[in-house]
Amino acid sequence: MKQVVFLMVDTQRKDMLGCYDRAAPPTPQLDLLAENGLRFENAFTCQPVCGPARSALFTGLYPHENGMETNGMPLRAGVRHIGQLLTAAGIPCGYIGKWHLDGGDYFGRGECPDGFLPEYWYDMRNFLLELPSDRARQKSRQNMNGRSDDPKEADTFAHRCCDRAIRFLEEYRNRDFFLTVSLDEPHDPSVCPRRFFRALRKNRFRLKRRPNINAKLQGKPAHQQVWRAKYKGMPFWLFRRCERAMFACNSFCDYELGRVLGKIRALGLDPLIVYTADHGDMFFSHGLLGKGAAMYNEITNIPLLLSGGGFPKGVSQTPVSHIDLLPTVLHHFGVRVPPDRTGEPLQTVDLQRTRRDVHIEYTRYEVDHDSFMGFQPIRCITDGRYKLVLNLLTTDELYDLEKDPYELENRIQSAEYAAVRNALHDRLLAHMNETRDLYRGYYWACRPWRPEKTPSFDDTGYIRDKKEDGFVRLDYSTGLPVQQTERKRKG
């Protein structure tokens, strides 16, 4: 019997879990999961924005491949997500919680997508619609920092999601299954019972001031300065007060997911358990707040825990990505990974490696509005030691994460790092070509620090045929089946 339980939250930095940082507020349930499983120190989101991050998680395709470059857009027609791939193999799939991939608003459409069990489907719109009144709906969206009441546990989205997950486990305990529990918490409005605030006070919690809090942006991209100006003058004490709600809710998430983990133990199940978050939060590192058009570790380096499924216990420093999780789940069930997915099953990766290329991107935050600075195309590669960031419209960045873990010094123009920088750049360009990045072009190659690169009408000059399952592509010039996957353009 093969079973997978996929747990995730929205907006959680790695150092918000006790298993990653002892200074974090207690997260005993997830810390126990880490103790009995494998904890990844260098796991990365594919894009530090809710919808695009989830699109990569559940399709195994980067946002530039699956059509979800921003929030507010649906997956591209024909893209098969994990529920469809597993259901086609006869594996029941339950999805409970935030989906964010249907092109609706923040709350979704409330409609179960193909590939998931309708009787267990429950997104944020379903939650709002089952509340008794408009007043209750408005209250559910009021940030805990601005309210004095004590929300009931049973009235929260997290609790209702976990209740459904427990029922699913009871019903499907003797069958193969794939279950996702996707909480919106601790994301704003961070609603949770008051006892989690009292626990913070009891533990005398203070948000840790990282060395890069309000660090100068000298030599950094201009758009980061625009972002920083948004929060200029906001005192750190006020920010600390606002974020206390998120940390209280973070502990609440641990408690709620602990109910699901407890039910797994009570039923004697031994599934592969995956835990992660879609992205982090800047928390005023570099003077920035929230997430968006940057590749700093505060928003890209996310928690990832694996337990069961044959994975060893311990800690891995190997750089891995959300793009690897769909192949990992399919491999666990013995389901073939479609040829257009570029991630690797983590069962087949040498998890003792300290260097492995991981790719991250950004295009836009939201299709429906103009905030977050609009279009800011970014492509990034990190191998675990170095990180190269191409900010197409502003200044590029290079960081030595071993010598500069808080990413304070931009070394993009450093002669000492030129060879490392150029090697990363070449591999990043190759990745853009391999994945047929929608936005690829000569301008990614012709950076000010690569004078040997020259613009070209044909760019690389190659035509790459898309790898697709069960579809035979016909050559434009002959009308016959394509014989090669890559060929030089003629003329």
Side-chain angles (χ1 to χ4, degrees), residues 14 41-48 210-229 280 282 284-288 292-301 317-319 321 353-362 373 376-433 437 439-456 459-460:
K14 190 176 71 172
E41 285 288 343
N42 291 300
F44 293 89
T45 185
C46 292
Q47 181 165 325
R210 294 166 71 90
N212 58 10
I213 290 288
N214 284 325
K216 294 181 180 179
L217 290 177
Q218 184 177 359
K220 300 298 186 77
H223 74 270
Q224 292 183 17
Q225 319 241 5
V226 175
W227 183 353
R228 182 170 182 162
M282 289 303 298
F284 266 154
S285 289
H286 307 281
L288 308 177
M295 295 289 117
Y296 292 122
N297 275 358
E298 284 81 3
I299 54 176
T300 59
N301 182 198
Q317 302 291 338
T318 305
S321 168
R353 295 169 58 184
T354 57
R355 303 283 282 274
R356 178 176 180 259
D357 286 352
V358 168
H359 296 270
I360 317 167
E361 65 184 69
Y362 185 91
M373 300 171 292
Q376 290 290 336
I378 305 173
R379 297 295 182 265
C380 170
I381 181 173
T382 179
D383 66 358
R385 164 80 189 265
Y386 303 102
K387 180 189 288 184
L388 174 66
V389 185
L390 301 188
N391 296 289
L392 189 62
L393 303 181
T394 55
T395 302
D396 299 326
E397 302 161 86
L398 179 71
Y399 299 104
D400 183 337
L401 299 175
E402 184 176 286
K403 295 182 178 179
D404 179 24
Y406 294 102
E407 299 168 288
L408 293 167
E409 184 178 351
N410 183 6
R411 304 172 192 262
I412 194 66
Q413 297 289 354
S414 170
E416 177 187 356
Y417 288 87
V420 168
R421 176 198 66 199
N422 293 352
L424 286 170
H425 187 213
D426 289 342
R427 298 205 300 275
L428 189 154
L429 295 174
H431 171 79
M432 293 179 72
N433 285 332
D437 193 320
Y439 299 97
R440 69 187 185 277
Y442 70 81
Y443 30 82
W444 295 101
C446 300
R447 308 311 290 164
W449 38 270
R450 290 300 294 267
E452 74 275 20
K453 300 285 187 179
T454 56
S456 168
D459 194 15
T460 63

_Intermediate values then yes/no, side chain to side chain donor-acceptor pair (under 3.5 Å), Gln224 and Asn391_ = CA-CA 11 Å; Gln224 292 183 17; Asn391 296 289; 5.4 Å; no
*Just do the side-chain contact (heavy atoms from CB on, under 4.5 Å) check on Ile213 and Ser285 with the steps written out, would you?*
CA-CA 4 Å; Ile213 290 288; Ser285 289; 4.3 Å; yes
*asked:* Pair Glu298, Asn212 - check side-chain contact (heavy atoms from CB on, under 4.5 Å), show working.
replied: CA-CA 10 Å; Glu298 284 81 3; Asn212 58 10; 2.8 Å; yes
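Using a 4.5 Å heavy-atom cutoff, the side chains of Leu388 and Ile412 are in contact. The side-chain heavy atoms of Cys380 and Leu390, taken from C-beta on, include no pair separated by under 4.5 Å. Between Thr382 and Thr300 there is no side-chain heavy-atom pair separated by less than 4.5 Å. Side-chain contact between Asp404 and Arg411 is present, with heavy atoms from C-beta onward closer than 4.5 Å. With a 4.5 Å cut-off on side-chain heavy atoms, Pro377 and Tyr439 do not count as touching.
Side-chain atoms of Arg210 do not come within 3.5 Å of backbone N or O of Phe284 as any donor-acceptor pair. Formation of a donor-acceptor pair under 3.5 Å by the Trp444 side chain with backbone atoms of Leu428 is not found in this model. In terms of modelled atom types and a separation under 3.5 Å, the side chain of Gln225 and the main chain of Leu217 share a donor-acceptor contact. Side chain of Asn42 to backbone of Asn301: no donor-acceptor contact under 3.5 angstrom is found. Put simply, the side chain of Arg353 never gets that close to the backbone of Thr318: no donor and acceptor are under 3.5 Å apart. A distance-only check finds a donor-acceptor pair linking the side chain of Asp383 to the backbone of Tyr386 [under 3.5 Å]. Of the possible donor and acceptor atoms, none in the side chain of His359 sits under 3.5 Å from a partner among the backbone N and O of His431. The backbone N or O of Asn297 sits less than 3.5 Å from a side-chain atom of Glu407, completing a donor-acceptor pair. A donor-acceptor contact shorter than 3.5 Å is absent between the side chain of Arg447 and the backbone of His425.
With salt bridges taken as basic N to acidic carboxylate O contacts below 4.0 Å, one links Asp426 and Lys453. Salt-bridge formation is detected for the pair Asp400/Arg385: a Lys NZ or Arg NE/NH1/NH2 atom is positioned less than 4.0 Å from an Asp or Glu carboxylate oxygen. Under the 4.0 Å criterion applied to side-chain N and carboxylate O atoms, Asp437 and Arg379 are assigned as salt-bridge partners. Between Glu41 and Lys14, at least one side-chain N (NZ, or NE/NH1/NH2) sits under 4.0 Å from a carboxylate O, which counts as a salt bridge.
Residues that satisfy the side chain to side chain donor-acceptor pair (under 3.5 Å) test with Glu452, not counting sequence neighbours, are Arg450. Looking at residues two or more places apart in sequence or on another chain, you find a side-chain contact (heavy atoms from CB on, under 4.5 Å) between Ser456 and Asp458. Qualifying side chain to side chain donor-acceptor pair (under 3.5 Å) partners for Glu361, counting only residues two or more places apart in sequence or in other chains: His64.
In this pair, Tyr296 and Tyr399 present their aromatic rings tilted. The plane angle is within the 30 to 60° band.
One distance of note links OG1 of Thr394 with NE2 of His223; it measures 5.0 Å at 0.5 Å rounding.
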